[in-house]
Asker: 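Just passing along the structure, written as structure tokens.
We count ligands from 1, going down the list as the structure has it; atoms in each ligand are counted the same way.
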Amino acid sequence: MNKESITFFRDKFNTNEFIPLHVPTFSGNEKKYLNECIDSTFVSSVGPFVDEFEDLMNQITKTKKTTAVVNGTAGLQVALRLVGVKKNDEVITQALTFVATANAIAYNNAHPIFLDVDLDTMGLSPNAVDDFLEEYGELREDGCYNKKTGRKIAACIPMHTFGFPVHLDELLIVCNRWKIPLVEDAAESLGSEYKGKPTGSFGEIGVFSFNGNKIVTSGGGGAITTNNIKLGERAKFLTTTAKQPHPFEYIHNELGYNFRMPNLNAALACAQLEQLDLYLNKKRSLANRYEKFFSSKGIKFRTETKNTKANYWLMCIELENSKERDLFLESTNSNNVMTRPIWKSMDFLPMYKNCQKDELLNTRFLEARIVNIPSSVIL
Ligand SMILES: *Cc1c(COP(=O)(O)O)cnc(C)c1O
């Protein structure tokens with residue numbers, strides 16, 4: 001079966017050379033916009049492409065105010081501060097995620113609580129959050145507190161794993177009941193939808209990444225999206241050094257960041273965003289072929305769940321057990337086909353090993369079985 005898979009990958013990507021997991025494609029206005037940028041001398045922190053990028057993101061994510069930032073991690077860090085996370089607070093997230101989600105919590109000097117994912121979405125489980133809060137939550141005037149630690153639970157940050165949306169309605173019900181603001185780590189889910197609405201538009205704030213390996217890239221970059229204009233304006237303010245408007249003086253009256261996305265990167269992002277629909281279609285068609293192939297071999301190719309549309313950013317299969325997974329990883333990688341196991345659960349990382357967590361049963365199950373397979377857009 002592994003040999004047949006390798007042949008299938010080689011056939012689909014039409015090469016005998018190395019097949020990477022995910023590489024960008026530049027087939028639109030990328031060079032044109034980059035040249036315009038250089039000719040205009042506006043290559044740095046302000047420029048028309050930054051504004052254009054923010055407008056495009058408002059349209060694509062159906063949100064009211066986007067702030068372009070230097071990368072997704074920085075966006076997450078600011079998003080948590082914006083919803084009120086302070087030093088020594090706690091933030092609920094999923095154990096099975098890319099490290100940036102947890103790091104963004106730690107950068108705010110707050111403590112992550114790692115809860116389980118659902119088997120179907122691979123993202124934060126509303127039931128796990130509900131169970132946790134029933135056991136440890138205590139509602140006070142100013143929000144939810146953790147009975148075990150006495151600390152405030154100041155935010156909840158689910159992540160839409162590989163572009164598969166989490167159960168947003170159910171999660172929002174739990175978070176609202178416990179007065180916990182929801183921030184979506186939508187870094188992997190640009191173009192994904194839940195019940196017909198884009199991910200990143202459900203929480204108080206959504207955060208996207210435009211790193212080189214994501215579905216659309218700006219070289220490096222991120223976006224903070226929100227329907228709360230006040231919050232959006234504060235996002236822009238804090239990420240541009242918190243400078244008070246003044247014709248010539250420098251007035252900074254709180255701690256801001258230089259997290260701006262340079263115009264050069266925004267130029268690349270604009271050209272890429274124009275092709276998002278094309279990429280989504282190409283990925284969907286590759287996903288369909290994978291599904292047919294792998295199901296004929298008795299292997300589970302992961303597909304979108306009911307009421308959702310996935311962007312199929314990184315595609316994945318679920319092997320029978322960790323032994324099967326290791327055999328698959330071995331045979332593909334030694335044959336120049338890049339495949340990767342899903343991340344190690346955050347509770348195994350040295351800096352997060354003492355954080356509160358639940359049983360993480362689904363996390364352990366998926367950790368042992370999920371493998372990402374080559375997912376680049378094929379033109
Ligand atoms: C890529 C990614 C990020 C971080 O984005 P950068 O732009 O690389 O900083 C955050 N969270 C998740 C889940 C990601 O996949």
Asker: Using ring centroids (six-membered ring only for Trp), state whether Phe293 and Phe301 fall under 6.0 Å.
Answerer: no
Asker: Are Phe98 and Phe162, when compared by the centres of their aromatic rings, separated by less than 6.0 Å?
Answerer: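 Not under 6.0 Å, so no.
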Asker: Look at the aromatic rings of Phe202 and Tyr194 and report parallel, tilted or perpendicular, splitting at 30° and 60°.
Answerer: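 Taking Tyr194 first and then Phe202, their aromatic rings stand perpendicular (interplane angle over 60°).
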Asker: Write out the residue and atom name of the closest protein heavy atom to atom 15 (O) of ligand 1, then the distance separating them to 0.1 Å.
Answerer: Glu188 OE2, 2.5 Å
Asker: Out of all atoms in ligand 1, which are within 4.0 Å of some heavy atom of Ala100? Include the element for each.
Answerer: 3 (C), 4 (C), 10 (C)
Asker: Assess whether side chain to side chain donor-acceptor pair (under 3.5 Å) is satisfied between His111 and Asp89, documenting all intermediate values.
Answerer: CA-CA 6 Å; His111 306 268; Asp89 286 346; over 6 Å; no
Asker: What are the atoms of ligand 1, with element, lying closer than 4.0 Å to any heavy atom of Gly221?
Answerer: 7 (O)
Asker: Just going by heavy-atom distances, which of Asn211, Val69, Thr217 is nearest to atom 8 (O) of ligand 1?
Answerer: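 Considering heavy atoms of Asn211, Val69, Thr217, the nearest to atom 8 (O) of ligand 1 sits in Asn211.
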Asker: Keeping to residues at least two apart or across chains, list the salt bridge (Lys or Arg N to Asp or Glu O under 4.0 Å) pairs with something in residues 318-336.
Answerer: Lys300-Glu318, Arg302-Glu318
Asker: Counting only nitrogen or oxygen atoms and a 3.5 angstrom limit, does Trp313 reach ligand 1?
Answerer: no
Asker: Decide whether an N or O pair under 3.5 Å exists between Thr97 and ligand 1.
Answerer: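 No, since none of the N or O atoms of Thr97 sits under 3.5 Å from an N or O of ligand 1.
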Asker: With heavy atoms of Asp185 as the reference, note each atom of ligand 1 found under 4.0 Å away.
Answerer: 10 (C), 11 (N), 12 (C), 13 (C)
Asker: So, Phe49 versus Phe42, ring centres under 6.0 angstrom or not?
Answerer: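 No - the distance between ring centres of Phe49 and Phe42 does not fall below the 6.0 Å cut-off.
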Asker: Give the contacting part of Asn71 toward ligand 1: side chain, backbone, both or neither, where contact means a heavy-atom distance below 4.0 Å.
Answerer: both
Asker: Any side-chain donor-acceptor pair under 3.5 Å between Thr241 and Asn258?
Answerer: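 There is no such pair between these side chains.
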Asker: When you measure from atom 5 (O) of ligand 1 to every protein heavy atom, which one gives the shortest distance, and what is it?
Answerer: Ser209 OG, 3.2 Å
Asker: Under 4.0 Å from a heavy atom of Met159: which atoms of ligand 1 are those, numbered in the order shown and with their elements?
Answerer: 13 (C)
Asker: With a cut-off of 4.0 Å, which atoms of ligand 1 are near a heavy atom of Ala187?
Answerer: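 Result: 2 (C), 3 (C), 10 (C), 11 (N), 12 (C), 14 (C).
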Asker: What residue and heavy atom of the protein are closest to atom 9 (O) of ligand 1, and at what distance?
Answerer: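 In this structure, atom 9 (O) of ligand 1 has Thr73 OG1, 2.5 Å as its nearest protein heavy atom.
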Asker: Looking only at protein heavy atoms, which one is nearest to atom 2 (C) of ligand 1, and how far off is it?
Answerer: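 Here the closest protein heavy atom is Lys214 NZ, 2.9 Å.
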Asker: Less than 3.5 Å apart, any donor N or O on the side chain of Gln275 or Ser27 sitting next to an acceptor on the other?
Answerer: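 Yes - a donor-acceptor pair under 3.5 Å links their side chains.
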Asker: Using salt bridge (Lys or Arg N to Asp or Glu O under 4.0 Å) as the criterion, list what pairs up with Lys197, not counting sequence neighbours.
Answerer: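 If we apply the salt bridge (Lys or Arg N to Asp or Glu O under 4.0 Å) test to Lys197, skipping adjacent residues, there are no hits.
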Asker: Check whether any heavy atom of Gly220 sits under 4.0 Å from an atom of ligand 1.
Answerer: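 It does not; every heavy atom stays at 4.0 Å or beyond.
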